[in-house]
Amino acid sequence: MSRPSLRIAAAGVVLLLGAGGLSACGANDAQTGGDSGDGAESPVIALLLPESKTTRYEAFDRPLFEAKVGELCAECEIVYYNADQDEAKQSQQLDTAISEGAGVIVLDPVNGAGAGGMVQSAHDAGAEVIAYDRLIKEADYYMSFDNETVGTMQAEALVEAMGDKGSILMLNGAPSDPNAAQFKAGAHSVLDESGVKILEEYDNPDWSPENAQTFVTDMLSKYDADEINGVYAANDGQAGGVVAALTGGGVAADALPPITGQDAELAAIQRILAGEQSMTIYKPIPIEAETAAEVAVALANGDEVGETSETGITQSDYEGVTSYIFEPIVVTKDNVADTVIADGFYSADDICTGEYAQACEAAGIS
Ligand code: GAL
């Protein structure tokens, strides 16, 4: 997908969010396959997302997906569930979606490796499954960003910011999330060959910022703050916890070591401009959510799924699953304007609030 159409897509979401609602069916609405007016049942598409501590899911994935399905298939109904990081809850949500008549299930699993049973239940009920963002080997389709590259990009930026020397803490994602293993492998492929030493490594069970803060606070009782010359945080939520722990431990906000992130969360973009976080990974979620909507609508209507999506991505084989893989983008202070702002992911007004106005001005963002 080209930049301009991304911009339009993202701007559309801002408008929809601003209007306070969406045309497609809302949160956990129990929608059953209804009568579309001509006596035929309307297709039902289920969207199951894993958690809400990471802002992307409720702020971007869900509204973008719903808006695109609404655009492509006015008669389609959407049922939506968020599992709040609870695997058993997600499995029940899938059963409910099936009982509501879902013929297509877009599933971002809490536990990728453990989701095979859910796919089996869907298949037994005649439904097809799109693994969304996290791989499920048994799924019919899969779409995600190139996750190993995400980890590589994070680590390369960290090593560069540290001048290839010094010691770091490493905070990875949830072991149940298959992406977390890929981010970690990508990061290690760079760190292990670099001059940077890993003091301690932590696999955060649910990606939570609170756990990240606790881990780093504990580390500060083991190491002097000036022994921590950098922090690999696999996502922005954790980066926020790291910053809170370090500043809480007495490190001045303007003396923080380089800290990585991922997801281009608004708070992270602000920290980057303020010099409190060195980088994040921007995943243009419109392309992922819209490709998922396109494939879901084709399947729901019994149409053929095109080899190249309307979003411009050609199918590939990823671990035996027909897949669409998208490219992540590194964001630093230098390219905030050319990436998240140019794409309409955030406006300068979203970012440059209160205490960040000055940092925006210094970076030439207005
Ligand atoms: C991953 C996802 C990331 C991020 C992470 C939690 O599965 O790919 O974008 O949301 O979960 O931050």
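Just so you know, ligand 1 is whichever comes first in the structure, and atom 1 is the first atom listed for that ligand.
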Original post:
Does E310 come within less than 4.0 Å of K68, counting only side-chain N to carboxylate O?
Top reply: no
Subject >> D86 side chain to A83 backbone, donor-acceptor under 3.5 Å >> reply: no
Proximal atoms of ligand 1 relative to [X] (non-hydrogen, under 4.0 Å):
X    : result
N179 : 1 (C), 2 (C), 7 (O), 8 (O)
D177 : 1 (C), 7 (O), 11 (O)
K283 : 2 (C), 3 (C), 8 (O), 9 (O)
N235 : 6 (C), 12 (O)

Tell me, which protein residue and heavy-atom name are nearest [atom], and how many Å apart are they?
atom                    : value
atom 4 (C) of ligand 1  : D263 OD2, 3.3 Å
atom 2 (C) of ligand 1  : D133 OD2, 3.2 Å
atom 11 (O) of ligand 1 : R134 NH2, 3.2 Å

**OP:** Check whether any heavy atom of Y57 sits under 4.0 Å from an atom of ligand 1.
**Re:** yes
Original post:
Which part of D108 is near ligand 1, with near meaning a heavy atom under 4.0 Å away: side chain, backbone, both or neither?
Top reply: neither
Original post:
Do E201 and Y232 touch side chain to side chain, with heavy atoms closer than 4.5 Å?
Top reply: no
Original post:
Given side chains that start at C-beta, do those of D317 and S323 come closer than 4.5 Å, heavy atoms only?
Top reply: no
**OP:** List for me each residue that meets side-chain hydrogen bond (donor to acceptor under 3.5 Å, both in side chains) alongside E51, sequence neighbours excluded, and say none if there are none.
**Re:** T54
Subject >> Whether Y346 and F60 hold their rings parallel, tilted or perpendicular, with breakpoints at 30° and 60° >> reply: perpendicular
Subject >> Over-ring placement of R62 relative to Y57, 6.0 Å and 45° cut-offs >> reply: no
